[in-house]
A.B. asks: 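One structure follows; several queries about it will come next.
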Amino acid sequence: MKSSLLIANWKMYKTVEESASFARLLTERLRGWWNPEEVGLVVAPTAVAIFKLAQSLADGGVQLAAQNMDLGTEGAFTGALSAYLLHEAGARLVILGHSERRRYFAETDALVAEKVEAAWHAGLTPVVCIGETESERDRGETQTVLDRQLAAILKKPLGSSHPLIIAYEPVWAIGTGRVAQNQDVGQLAHLIRRWLDQVQAPAAVPILYGGSVNPENLAGFLSLDDVDGALIGGASLSLDHVVSMVKVAMGARQTDTSIAKG
Ligand code: PEP
């Protein structure tokens, strides 16, 4: 029986006040029926909102992720935010290698790998995004791209001090309303699982799907054997959608339990 994980990526949306008010309302709407042990929920606000949200979400079970981080611990790096600062502010996870970072900020596989190490060092769980662009998919290169992106970060056996989450996000499905076929996602998630097995990663490494996930299509992805949750952009900006998606994930888990029992 799997537990699920939903990560809301707010990108460069919502002011600090809007984020805090969303967090307050979210906590109220989840109270009494949501079980964070069954469906984990993580919010990735803008970096400036992390500290305030950490206070309003304390003890509620919703965790916080940063959307990016810089290398280094401290030093003369104007504008940079280290993993340590993000951890101190209240983040417990960090999204790394998002396609928007790779595309607009020229982040390479090598840099993502360095950031993963730095995140581990500071006690943050990296959520590493991988996925092919539309032209790579059209050229039949999806598997090659995933292999390359995974090889960069999975170079050695992973121990318990290397918590990791992989998000498979086909770039052409991000923010476009086009979703990948369940069957394709299932196959690629299986490929990712095989990679994780090779580095003896603990079975607890969740594999998420991301790309235009919403309350209507979430259940289909959660039903796939190797998919443990979703990384959600646009739909996570709406409180109603987030609450609906937590309900869908709780429901999917209950269906799972009855299948296991039956
Ligand atoms: C994302 O930003 O990681 C994402 C998957 O966005 P969206 O859900 O809007 O496609």
Side-chain angles (χ1 to χ4, degrees), residues 4-14 18-19 22 26 39-47 49-50 62-69 91 93-105 107 109 112 115-116 119 124-134 136-137 142 145-146 149-150 153 164-182 184-186 188-189 192 206-222 224 227-249 252:
S4 316
L5 177 64
L6 303 179
I7 303 185
N9 176 14
W10 287 351
K11 311 192 183 195
M12 202 167 69
Y13 293 105
K14 294 193 190 296
E18 286 165 354
S19 304
F22 188 115
L26 180 63
V39 175
L41 182 58
V42 177
V43 172
T46 59
I50 291 175
V62 178
Q63 286 198 299
L64 284 166
Q67 298 175 17
N68 178 40
M69 53 168 257
L93 304 91
V94 58
I95 299 173
L96 295 177
H98 192 281
S99 63
E100 287 152 17
R101 299 288 320 170
R102 292 180 192 260
R103 179 170 176 203
Y104 302 121
F105 301 91
E107 295 205 359
D109 290 333
V112 174
K115 288 188 175 187
V116 167
L124 291 177
T125 298
V127 181
V128 178
C129 302
I130 58 172
E132 80 287 1
T133 62
E134 182 149 41
E136 287 164 340
R137 183 182 70 143
T142 299
V145 170
L146 298 194
Q149 292 174 331
L150 287 166
I153 54 162
L164 181 65
I165 296 168
I166 302 286
Y168 168 56
E169 299 209 304
V171 180
W172 49 270
I174 297 179
T176 59
R178 293 164 59 198
V179 282
Q181 297 288 318
N182 283 3
D184 294 344
V185 175
L188 294 166
I192 297 167
I207 299 173
L208 313 182
Y209 167 74
S212 297
V213 171
N214 60 38
E216 281 75 48
N217 60 29
L218 175 64
F221 294 113
L222 295 183
L224 300 168
V227 173
D228 305 294
L231 177 52
I232 307 141
S236 74
L237 296 171
S238 148
L239 181 61
D240 285 344
H241 283 353
V242 172
V243 172
S244 299
M245 288 188 281
V246 174
K247 275 191 190 139
V248 167

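Each ligand, and each atom within it, is numbered from 1 in the order the structure gives.
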A.B. asks: Taking only residues two or more places apart in sequence, or in another chain, which ones meet R137 in a side chain to side chain donor-acceptor pair (under 3.5 Å)?
C.D. replies: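 Testing R137 for side chain to side chain donor-acceptor pair (under 3.5 Å), a comparison that skips the adjacent residues, returns none.
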A.B. asks: What's the shortest distance from atom 1 (C) of ligand 1 to any protein heavy atom, and which residue and atom give it?
C.D. replies: H98 NE2, 3.2 Å
A.B. asks: Kindly write out the residues that satisfy ring-ring contact (aromatic ring centres under 6.0 Å, His included) with W172, not counting sequence neighbours, or none if the list is empty.
C.D. replies: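 W172 satisfies ring-ring contact (aromatic ring centres under 6.0 Å, His included) with no other residue.
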A.B. asks: State if S236 counts as touching ligand 1 under the rule of any non-hydrogen atom under 4.0 Å.
C.D. replies: no
A.B. asks: Got an N/O contact under 3.5 Å between G234 and ligand 1?
C.D. replies: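 Indeed, backbone or side chain, G234 has an N or O that close.
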A.B. asks: Just by distance, do the side chain of T125 and the backbone of L93 share a donor-acceptor pair under 3.5 Å?
C.D. replies: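 Here the side-chain-to-backbone pair does not exist.
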A.B. asks: What atoms of ligand 1 come within less than 4.0 Å of a heavy atom belonging to G211?
C.D. replies: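 Once the distances to G211 are compared, the set is 5 (C), 10 (O).
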A.B. asks: Do V242 and V43 come within less than 4.5 Å of each other through their side chains, counting heavy atoms only?
C.D. replies: no
A.B. asks: Do E100 and ligand 1 have an N or O pair less than 3.5 Å apart?
C.D. replies: no
A.B. asks: Could you list the atoms of ligand 1 found under 4.0 angstrom from a heavy atom of S212?
C.D. replies: 7 (P), 8 (O), 10 (O)
A.B. asks: Taking 4.0 Å as the limit for heavy-atom contacts, which would you say applies to I174 with ligand 1: side chain only, backbone only, both, or neither?
C.D. replies: both
A.B. asks: Heavy atoms, side chains only, cut-off 4.5 Å: are L41 and L26 in contact?
C.D. replies: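 The answer is yes, as the side chains (C-beta and beyond) meet within the 4.5 Å cut-off.
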A.B. asks: Near A173, which atoms of ligand 1 are under 4.0 Å from a heavy atom of that residue?
C.D. replies: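 In order of numbering, the contacting atoms are 10 (O).
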A.B. asks: I want to check something: taking the side chain as every heavy atom from C-beta on, are V179 and V213 in contact at a cut-off of under 4.5 Å?
C.D. replies: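 Heavy-atom side-chain distance check fails, nothing below 4.5 Å.
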A.B. asks: If you have a sec, work out which protein heavy atom is nearest atom 5 (C) of ligand 1 and how many Å separate them, to one decimal?
C.D. replies: E169 OE2, 3.0 Å
A.B. asks: If I take atom CG from residue N9 and atom SG from residue C129, how far apart are they, to the nearest 0.5 angstrom?
C.D. replies: 7.5 Å
A.B. asks: How are the rings of Y209 and F221 set relative to one another: parallel (under 30°), tilted (30 to 60°) or perpendicular (over 60°)?
C.D. replies: parallel
A.B. asks: Can you tell me if A235 contacts ligand 1 (heavy atom of the residue under 4.0 Å from the ligand)?
C.D. replies: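 No, A235 has no heavy atom closer than 4.0 Å to ligand 1.
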A.B. asks: To the nearest 0.1 Å, how far is atom 8 (O) of ligand 1 from its closest protein heavy atom, and which atom is that?
C.D. replies: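 Of every protein heavy atom, G233 N, 2.8 Å lies nearest to atom 8 (O) of ligand 1.
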A.B. asks: For G175, is at least one N or O under 3.5 Å away from an N or O on ligand 1?
C.D. replies: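 In this structure, G175 places an N or O atom under 3.5 Å from an N or O of ligand 1.
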